[in-house]
Every structure is written in structure tokens, then in C-alpha cells.
> 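Here it is, the structure, as C-alpha cells.
Since we're looking at a predicted model, the values are computed, not measured. In this chain, numbering begins with 1 at the start of the sequence shown. In each ligand, atom 1 is the first atom listed, and ligand 1 is the first ligand listed.
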Amino acid sequence: MPSLEDELFPSTPGKVKIERTHNNINRQFHRCFASTSTMFLWALFLIALTASYLSFQSFVDSGSRYLAASWGGIQWEKQVRSSAQIRRSGGMAVLVTGAAGFVGTHVSLALKKRGDGVLGLDNFNNYYDPSLKKARKSLLNSHGIFIVEGDINDARLLAKLFDVVAFTHVMHLAAQAGVRYAMENPSSYVHSNVAGLVTLLEACKSTNPQPAVVWASSSSVYGLNEKVPFSESDRTDQPASLYAATKKAGEEITHTYNHIYGLSITGLRFFTVYGPWGRPDMAYFSFTRNILQGKPITVYRGKNLVDLARDFTYIDDIVKGCLGSLDTAGKSTGSGGKKRGAAPYRIFNLGNTSPVTVPTLVGILERHLKMKAKKNIIEMPGNGDVPFTHANISQARIQLGYRPATDLQTGLKKFVRWYLSYYGYNHGKSVN
Ligand SMILES: O=C(O)[C@H]1O[C@H](OP(=O)(O)OP(=O)(O)OC[C@H]2O[C@@H](n3ccc(=O)[nH]c3=O)[C@H](O)[C@@H]2O)[C@H](O)[C@@H](O)[C@H]1O
């Protein structure tokens, strides 16, 4: 029996089988039509299925977008405005990025306490225990400071915030911190300290009036500099870590925005800041945790058995330096993204001016904790660390009125007291 294909498309053109009856042709035609219509129905069904899948997918996408965007709406704007409301004459409205971070929390509280408007922004990433960040957030909330959960790379969010509030100042503290972690996760440093910084500066330069920007650079920019103490005019072109390199890049990037757009910029080179509500990744914090838990600590030592040293700086002193910087920051001059005149570009060391070795730090902690550390002393691995830091703060003293007042012994006593209370170690225990 000839196939349907044979019937309709004869192999030799012109040789149609004329002996076929009319009925036969009709039957074949119906069979063919029935099969084509089935195919047509199947095709329709498949198209409908694909369309409904796609619309379901877009519903899910827009739903998750909606859920992910934890900002926006009338109630949210009310909270943002109220938090940023200035409550003293001559006060400022400050956007604090990284507000749930260590320095961000302290600076936000100090600003709020003196009547400035403060709005926090933080992405609550999990570089270290996010529950500590949430606890800091609760502390800030209890003082009337609202924290927007979002990333400095989110240009839409930043535009919205500047739309809702005419910030006079931005205190930019959001960053990927930590010197040694840069070897583990290099892209996080580029994401926050370079790309995020640029996104933030773009928002600042586009808004009208432009805010003055004060931001956290780092003592690490001095890198392999051996001239002590470190002065702002010393060379900073030999970074020892990617962290340092991104902070140095930040200094160059902010300079560009100052030069092209007239943004007022103050960069602060913080020297190993410590204190209550601190960062668990830092040595004084992790040493305390390990000593209390009876676990060993690793103490790095430099070449030729030389102890490493840091110009450890207490958080309250850093806060004074930050507020002094905000108070003395000249105005940005640009508007509508255009520069109207020269604006200040400043960089200051905020250190303590008295370096202490890491073994001495451990000794102080042992005394305050009344416990001995199990020390594992090893040669400093090539992980981005520098052997010592030591700040010359004469510029900050002259221009900001910065005078650090807390030595390491006193500052660590306050830290240990906070640590024992926060983590629920015998509340009544006195700290020497
Ligand atoms: O001033 C800065 O700009 C930076 O300060 C801080 O970096 P650092 O000065 O390296 O502080 P931190 O880690 O506490 O190590 C302190 C000392 O302990 C040594 N150290 C560290 C860990 C360890 O397990 N053992 C050890 O001996 C270590 O070798 C070092 O000698 C901030 O983290 C950083 O974000 C940045 O702000």
C-alpha cells in the first residue's frame, strides 16, 4: 500500500495515479486533514503551556523582586524622613553607610545624641556574625535611628534616599574590611571598596545640593612605608594587601570626584580601631574569645623574631575624629552634576600615636580576663600584614581638634567589660 507521502508527492512528477477513485482520494484527504488538525491542536496546546509558564515565571520574578526590595512606600519614607530629621540649630542630616558596622554604630549614636539627623544604610552581609550587626541595629533603633537594609551598589536605592532627604553630609563607612581575608575573597573588596564607592559618589555628585563626603580610608595604605611615624605626605604606593590597594584606589577615586564635580571630600586613615561592639574578625576580639574558651591563639611575629606592632586606636577617639571631620568639612560646590568651584579635598591620619606590640596586647587581655592565653607563635605568613603602624596625627590635631585620650590598657578594659556582658559571661565579674 502506498504511503501518504507517495500519494501526495509522487516520486516522478506528472505520474499521478489516475486510476484512483474519487472516494479514495477523499478518504485520504480526510485522514490527512484529521492528522494536520491534531498537530495543530497539539501546537496550540504547547504554545498555551509555554505562555502560561512564562507568565508564571515573570509573576514569580516580580514577586521575588518585590520581596527583595525591602524599601519604598509611604511608611518607609516616613521612617527615613523622621530618622534624618535635624533636631538642633545648625545641625546636619547625615547618611551613614555601614551604620550597623562597628564604627558606623558608634558614629551614628554620637551624631543622634547631639541632635543631628541620621539615616543608616547597611547590607548586613555575613563577613562576620550578622547577629552582632542585628544587635547593633536594635541599639540604633532604640535611639530613633532607622537603618535601611540595602547595598551601596544599588544606584536606584541611593537615588531614592537622596530624593527623600536632602542630606548635608555622607559618612561613608560601608566597606569590605580585613587585611588577610582579601586573599580568600578578593572580589568582595572590589565590589564594596571600588564599585560601591563609585556608585555612592555618582549619587552624591548628581544630587542637588551635593553633600560633603567623609569616608573611611585606612592606615594600611602606608603599606611597606618604613618612615615613622606615618604622615599623610608619605608615600602610599606600595600596598601590601588587596585591601590596602582598594583603599588607596578609593583615595584616588574620591580625588577625581572632587576635581571634576566639586564634591567636598575628607578621607580618614583609621589605625586598627578597637572597642566595645567591635569586629569579631580583629585580633583583640578573636583573642578574647579564644582565651575565654580555652582555645589557642596564633600570634604572628615578624622577620628576625621582631614583634609586630599596631597603633591601636580606641573607638571613642575615632568617633571624635569623625565628628570633627564632619563639622569642619567645607561645602561641596557642584550642582546638577557640574562643578561650580574648588571644593576641599582632605586626608587625615586618625591614630593613637603610641604603637603597642601584639604580645603586649595579649598580656593586657590576660590581665583583664584573669586567664592565660595558649599562645602559638609563628612567623608572619605573607598574607598582606605589615610589621608595624604608627600615626603622625599633627594634621588632624590642627584641623579637626583631634586628641586621642584612651590608652590600650584603658580601652581594652572597656572592651572586655562589654564582651563579658554581651556574651553573657558571669555578669558580676570585675575587670582589672
Ligand atoms: O588599620 C587599618 O587600616 C586596619 O586595621 C585592622 O587591621 P590589622 O591592623 O591587621 O588588625 P588585626 O586584624 O586586629 O591585627 C592586629 C595585629 O594582630 C596580628 N594578628 C592578627 C590575627 C591573628 O590571628 N594573629 C595575629 O598575630 C596581626 O598580624 C596584626 O599585627 C583592620 O582589621 C583592618 O580592617 C584595617 O582597618
> Ignoring hydrogens, just give me the one of Met282, Arg269, Arg180 whose non-hydrogen atom is nearest atom 13 (O) of ligand 1.
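It is Arg180 that holds the nearest heavy atom.
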> Got a salt bridge between Lys372 and Glu366, using NZ or NE/NH1/NH2 to carboxylate O under 4.0 Å?
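The answer is yes: the pair qualifies as a salt bridge.
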> Less than 4.0 angstrom from a charged side-chain N to a carboxylate O is my criterion; do Arg235 and Asp237 meet it?
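Answer for the salt bridge query: yes.
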> Who's the nearest protein heavy-atom neighbour of atom 20 (N) of ligand 1, and how far?
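Going atom by atom, the protein heavy atom closest to atom 20 (N) of ligand 1 ends up being Tyr300 CD1, 3.6 Å.
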> Do Tyr402 and Phe348 have ring centroids that are under 6.0 Å from one another?
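No, ring centres 6.0 Å or more apart.
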> Can you check which of Phe388, Tyr243, Phe312 brings a heavy atom nearest to atom 36 (C) of ligand 1?
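Checking each option, the heavy atom nearest atom 36 (C) of ligand 1 is found in Tyr243.
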> Is it true that Asp385 and Arg310 make a salt bridge, defined as a side-chain N closer than 4.0 Å to a carboxylate O?
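Here Asp385 pairs with Arg310 in a salt bridge, since their nearest N and O are under 4.0 Å apart.
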> Check if Phe287 has a non-hydrogen atom at a distance under 4.0 Å from any atom of ligand 1.
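True for this residue.
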> Side chain, backbone, both or neither: which part of Leu308 comes within less than 4.0 Å of ligand 1 when only heavy atoms are counted?
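Looking at Leu308 and ligand 1, just side chain atoms fall under 4.0 Å.
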> Taking the minimum heavy-atom distance to atom 18 (O) of ligand 1, which of Ala391, Gly302, Ala283 ranks first?
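Considering heavy atoms of Ala391, Gly302, Ala283, the nearest to atom 18 (O) of ligand 1 sits in Ala283.
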> Ignoring hydrogens and angles, state whether a donor on the side chain of Thr357 or Asp307 is under 3.5 Å from an acceptor on the partner side chain.
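Checked: Thr357/Asp307 side chains show no N/O donor-acceptor pair below 3.5 Å.
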> How close does the nearest protein non-hydrogen atom get to atom 1 (O) of ligand 1, and which residue and atom is it?
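Minimum-distance protein heavy atom for atom 1 (O) of ligand 1 reads Ser219 OG, 2.7 Å.
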> Examine ligand 1 and decide if any of its atoms is less than 4.0 Å from a heavy atom belonging to Tyr274.
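The answer is no, since Tyr274 has no heavy atom less than 4.0 Å from ligand 1.
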> Among Arg301, Arg279, Lys375, which residue places a heavy atom closest to atom 32 (C) of ligand 1?
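It is Arg279 that holds the nearest heavy atom.
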> If you measure from each non-hydrogen atom of Met380 to ligand 1, which part falls under 4.0 Å: side chain, backbone, both or neither?
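It is neither part, as no heavy atom is under 4.0 Å.
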> Salt bridge or not for Asp116 and Arg88, using N-O below 4.0 Å?
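So Asp116 pairs with Arg88 through a salt bridge.
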> Could Arg269 and Glu232 be called an ion pair, given the rule that one side-chain N must be under 4.0 Å from one carboxylate O?
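Salt bridge absent between Arg269 and Glu232.
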> Among all the protein's non-hydrogen atoms, which is closest to atom 24 (O) of ligand 1, and how far away is it?
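Looking only at protein heavy atoms, the one closest to atom 24 (O) of ligand 1 is Thr298 O, 3.4 Å.
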> Side chain, backbone, both or neither: which applies to Phe271 and ligand 1 if a contact is any heavy-atom pair less than 4.0 Å apart?
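Backbone only.
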> With a 4.0 Å cut-off on N to O distance, would you call Lys247 and Glu252 a salt bridge?
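A salt bridge is absent here (no side-chain N lies under 4.0 Å from a carboxylate O).
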> Please report which non-hydrogen protein atom sits nearest to atom 17 (C) of ligand 1, along with the residue it belongs to and the distance in Å to one decimal place.
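Heavy-atom neighbour on the protein nearest atom 17 (C) of ligand 1: Val358 CG2, 3.8 Å.
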